[in-house]
2 protein chains.
Amino acid sequence: MAVRYELIKTCAQTGARLGRLHTPHGIIDTPTFMPVGTQATVKGMAPEELKDLGAQIILGNTYHLFLRPGHELIREAGGLHRFMNWDRPILTDSGGFQVFSLSENRKITEEGVQFRSHLNGDKLFLSPEAATEVQNAFGSDIMMAFDECPPYPAEYEYVKRSTERTSRWAERCLKAHTRPHEQALFGIVQGGMHTDLRRQSAADLTSLDFPGYAMGGLSVGEPKALMYEMLEETVPLLPGGKPRYLMGVGSPDALVEGSIRGVDMFDCVLPTRIARNGTLMTSQGRLVVRNAKYVSDFSPLDPECSCYACEHYSRAYIRHLVKADEMFGLRLTTIHNLHFLVELMRQVREAIREDRLRDFRDEFFDKYGMEGNESGF
Amino acid sequence: MAVRYELIKTCAQTGARLGRLHTPHGIIDTPTFMPVGTQATVKGMAPEELKDLGAQIILGNTYHLFLRPGHELIREAGGLHRFMNWDRPILTDSGGFQVFSLSENRKITEEGVQFRSHLNGDKLFLSPEAATEVQNAFGSDIMMAFDECPPYPAEYEYVKRSTERTSRWAERCLKAHTRPHEQALFGIVQGGMHTDLRRQSAADLTSLDFPGYAMGGLSVGEPKALMYEMLEETVPLLPGGKPRYLMGVGSPDALVEGSIRGVDMFDCVLPTRIARNGTLMTSQGRLVVRNAKYVSDFSPLDPECSCYACEHYSRAYIRHLVKADEMFGLRLTTIHNLHFLVELMRQVREAIREDRLRDFRDEFFDKYGMEGNESGF
């Protein structure tokens, strides 16, 4: 088995779990946030900087890497870890989400998905077997089963057919997987916002005995309350001895709420994407450093933060860099936001260890100035 | 005196000088190459990375910083060093070159230059007094006198009038300078490609007893042989106890040829600018990493290089990043090119110490595959 989940304890105040995920490239403390390195790089960051801020695992996007530079090149390089000089764990998604959100001229059949590259219009095909082969070439520690992520909102009948197909695809991924001892393949529970379909999907996938389970098709535009409801329906159906991964979630409030509901892993482009626009996550809430009021503010982005950006640079300097389109500005805002989420998850784990995650949530939300559980992201 | 030049020795094979420039923020081994940090950042680089690759001094551009974020903000921040978190020496230019190359609707009078900002069209004015005040606000270790850099080619009469005005402006800069003990103000010898005007300019400026002298108006489009001829005419007219700075020169061959002719300091955007286009300086010559032939080349950019990029990443990976417009690709190519020039200057200093700079030049040019003294830059 390529990965092993070790449950350390469950929070007495919530359903949150403190654990460790053992992988071929190292141990991940859970619950964890995974920075996204779409094109074999977390935008703007060196691997050493990711390590310095405490990232234990990063994510790669199969769709993007399949298009460019291609999985055969990455295989030839000795795998994704060697190609990009990252020796800690890597999780790759299956490409499913991007095929449905980025590609053009999609045609879905039972066999798989035919589509055109959003880069150059090339006609391409991904299937459970192809997505598995591509991820085997990457050598990621954790691979994801090829799925369809239905849009929100969507007709019940569409979601039903899609979810059933995703279950059949999951079985084909397991069969196609050639390196189960080196790479763990996780199943993805779908079912849209329909509790009966979520239950069916969870039953289908757990019967296949994956080493870990993701919840997909959430954080796709639905209200957060609905997402939490779906989590509450789904998480209890997943085996306690396996890790649980909530895909595409990265707002501070949702990381805390997700952990409370028993999620172990999260990923999202949110912190890195908003950083490139000069928007920061801070202990006092959202901060848009481009705003004129920071023009001569020589305090750090977040006075309570100990990241490289906050230790050495002022809001005034970072504002100048962002306004002047200077790369170093984006490096600093990216470092800060990733540090903020990694540090938040460390605090979440500490709170679980001390059976006070609900108290932590209340204090954090209060300080963060959240309006009705919404962090502004 | 804010700076002191210490001559260690002169090369027995050439006119090259090994020296040390003592400044308020540290010692610079000369001859030296100064990376350019136009907008209070060397594009893409953290200060720590510049130190790691051996940069002892960087340059800031007065024109750009005057426009944005403005010298009053930098003064308020405690100076440019503090604003940008760089505690080693900084040299700022006078803004003259950019006023004449970047701004719009220029009007030159004896008083100074009226122009419009290339960013937003604002009507602005720079004069010897203003450029000096701005640089005093920056707190740079070395400031430059406000000059006009005549275009090439230009009419003799135009260059003559311009050069004479630059001499008068230099005197006004000296008078306006309020911090001579903390900041050294260098004069700039102009004179275009006319030896009599160069001689006159050198005589005018040395009579004012600046703590250092630059040669401006070179590397502006003229053949390199003509630039070297101008250097050979001008350098002997400058006092041996003061540093000599050749502005805007950064091709590997010109750094070696300039050192041979007694230049101590160089700066240029060339290494950082071409890096952002994926063009590298290597011990085997120019390398364009975007080229298809590097698609699966897993060797480093330069097999003889020990920089961070060459130690950890392949041409194939860097090509992928550059093609995918990933910031980290530009960081790696920038690190490499700056390391290449800083390391080249270290080798030049070693060759001077061992009285073999002419031999070094021949070996370097031969290996570099230069055609008739041209490095391809």
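In this text the structure is predicted, and so the values were computed from the model without any measurement. Chain naming here is simple, since letters A, B, ... match the order of the sequence lines and numbering starts at 1 in each.
- Only the side chain of Phe298(A) comes within contact range of chain B, judged by heavy atoms closer than 4.5 Å.
- Side-chain atoms of Ser140(A) do not come within 3.5 Å of backbone N or O of Met143(A) as any donor-acceptor pair.
- A donor-acceptor contact closer than 3.5 angstrom is absent between the side chains of His339(B) and Asp52(B).
- One side chain, Arg68(A) or Gln39(A), offers a donor N or O that lies under 3.5 Å from an acceptor on the other.
- The shortest distance between side-chain heavy atoms of Leu126(A) and Leu124(A) does not fall below 4.5 Å.
- Electrostatic pairing of Glu76(A) and Arg82(A) does not count as a salt bridge here, judged by no charged N lying under 4.0 Å from a carboxylate O.
- Asn136(B) and Gln183(B) share a donor-acceptor pair across their side chains, judged by distance under 3.5 Å alone.
- A salt bridge between Arg331(B) and Glu49(A) is present, with a side-chain N of the basic residue lying under 4.0 Å from a carboxylate O of the acidic one.
- Between His118(A) and Tyr63(A), the ring planes are parallel. Angles under 30° get that label, and only those over 60° would be called perpendicular.
- Residues from residues 306-329 of chain B that place a non-hydrogen atom less than 4.5 Å from a non-hydrogen atom of chain A comprise Tyr308(B), His312(B), Tyr313(B), Ala316(B), Tyr317(B), His320(B), Leu321(B), Lys323(B), Ala324(B), Glu326(B), Met327(B), Phe328(B), given in numerical order.
- Listed by sequence position, Asn85(B) are the residues of residues 85-97 of chain B in contact with chain A, using a 4.5 angstrom heavy-atom cutoff.
- Only the backbone of Met45(A) comes within less than 4.5 Å of a heavy atom of chain B; no side-chain atom from C-beta onward does.
- Between Glu72(B) and Arg75(B), at least one side-chain nitrogen of the basic residue sits less than 4.0 Å from a carboxylate oxygen of the acidic one, meeting the salt-bridge criterion.
- With no hydrogens or angles considered, no side-chain donor-acceptor pair links Ser117(B) and Asp122(B) at under 3.5 Å.
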